[in-house]
Amino acid sequence: MRTTARRIALAGCAAGLLLPIGAAGASAADGDTNANLRPVVLNGVEASGTAMASVRGTTLTVTMAADGLLADVPHAAHIHFGAEARNECPAASDDTDGNGTLITSEGVPAYGGIVVSLTKTGDTSPASGLAVDRFDTAPGGKIAYQRGSIEIAPEVADAIVAGKSVVVIHGVDHDGDGTYGGEAKSDLDPSLPAEATDPALCGVLASAPSGSVAAGAGGTATTQAQPGLVALGTGLLAAGVGAVALTARRARARA
Amino acid sequence: MSTPSRPGRLGGGRWPLVAVGAVLATAGAGVLGASLSGAAPSAPPRTSVATSAEPQPGAAGEAALPSAVPSSDASALPADGPAAVPVPAAPAVDLGPVLPAAAPVALRIPSIGVDAGELVPLALDAQGVLPAPERYDLPGWYTGGPHPGGLGPSVIAGHVDGPDGPAVFYRLGELEPGAVVEVPRDDGTVATFVVDAVERYAKADFPTSRVYGNTTDRAELRLITCGGAFDRTTGHYVDNIVVFAHLV
């Protein structure tokens, strides 16, 4: 009997894990996502960061911290999404011009276009994608950013909640001279050096876990199993929705 | 928000299970809304909600967020190179101490005798739910969330017991506010956290947003295990114990 109870206890953990599905579907327009920001391949950045994006309806709050970026220069930062994109960070194979670095446009097949500009002030639409006078300048190489009340389109909200959007922080230092420069011009704005717009950090905004955690097997619990009832209960769990009807019937029978 | 009756007998135990979807469906929106506004969720915590009752050194949660009112320079592009563009001062955002990315390699909680020399990686299952570690003697780190020391809620889960006895987080519910949690990391640094609160929730009322969501503006840690009564009809505990801590 003890063996039976133990097997059921372990199986029961799995059964319990299925429960929060209803919670995930309860608030389709709302969601919390986070991204671990990692260096974009080929661009030689030794930085890291974390971004959190909370969606409530069509209102977005973004909180972001990063460390190790080129200090004291503007770092354009965006949320990207594309219906046709892979919804991920670029790979080395995205270096289609083969010059050994990834420029912003080469990352588009991976992360799509700009849907939100993470400016510190003013407009947050894609139109501000290169408004470098309004982005964080990473004092000491660090970014500490938070902005709320960002209004976004419903399809953008859906994409973020669905875990399909990508945070990209731009601004690299290929030649290691401590500032933006070099011969290469930006593929987005030829008046800017490529270093000012090439992607530095990237991370997919993924959904936070939902619901409870089954983290015990009952080996220290004091109540005694009732084998017959355990078997019945397990059967009902497997029956899923059917359990409702059976429970109701039992309740009526007791009454 | 109502709490389903504790399953002491089979007849009472099944209702919470089959009703959880509906309960969460109605409760979820309330929890999310409460979290967004900074208020404590109405789920039944065992202790008070630390974030509303205690000061948060380093937290920026009380600061007003910059609004997204469009300005006249909304479409302004720099006329010169970016190095020559004066950057207007903007209100600084204080996110408190934040450590660079590094994976946790151990977990020490001296006050309850936890000294785990390894953490197993945890990933969400197909339903978006965090599984517990397969091993009972080791805690697990949710690799999809922030690394311990990174901005946001880093999550470490462990079993309270195994089939035959106590597991790594058996004494987690004994933790008190102010207790120290140390997480050595693979870059040689140790992320040190201080406990803010220890709370217990019926799994049916688990406050997803409060535990995992972006309800913190600093580097925090969540330690999660099971608690409450063990329901042998379902094979799992009816509650989760969640420890909230912040990086110091």
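Letters go in sequence order (proteins before strands), and every chain restarts at 1.
Side-chain N or O atoms of A:N34 include none that pairs as donor or acceptor with a backbone N or O of B:P153 at under 3.5 Å.
A:P209 pairs with exactly one of B:L122, B:D125, B:L124, B:I224 by the side chain to side chain contact (heavy atoms under 4.5 Å, CB included) rule, that one being B:L124.
Across B:Y170 and A:T220, no two heavy atoms sit closer than the pair CE1-OG1, 3.4 Å. Heavy atoms only, all atoms of each residue included: A:S48 and B:A101 are closest at OG-N, 3.0 Å.
Contact of A:T119 with chain B is not made at all, since no heavy-atom distance falls under 4.5 Å. Only the backbone of A:A53 comes within less than 4.5 Å of a heavy atom of chain B; no side-chain atom from C-beta onward does. Heavy atoms of A:A206 lying under 4.5 Å from chain B are absent altogether. Proximity to chain A involves both the backbone and the side chain of B:L151, based on heavy atoms less than 4.5 angstrom apart.
In terms of heavy-atom pairs under 4.5 Å with chain B, the best-connected choice from A:D67, A:D72, A:L37, A:N36 is A:N36. Taking chain A as the reference chain and counting heavy-atom pairs below 4.5 Å, the highest number among B:P146, B:P133, B:G150 is found for B:P146.
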### Full working for side-chain contact (heavy atoms from CB on, under 4.5 Å) between B:C226 and A:V213
CA-CA 7 Å; B:C226 278; A:V213 178; over 6 Å; no

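Under the ring-ring contact (aromatic ring centres under 6.0 Å, His included) criterion, B:Y212 pairs with B:F206, sequence neighbours left out. Applying the side chain to side chain donor-acceptor pair (under 3.5 Å) criterion to A:T50, with sequence neighbours excluded, gives no partner residue.
Here the side chains of B:L95 and A:T63 are in contact, with some heavy-atom distance below 4.5 Å.
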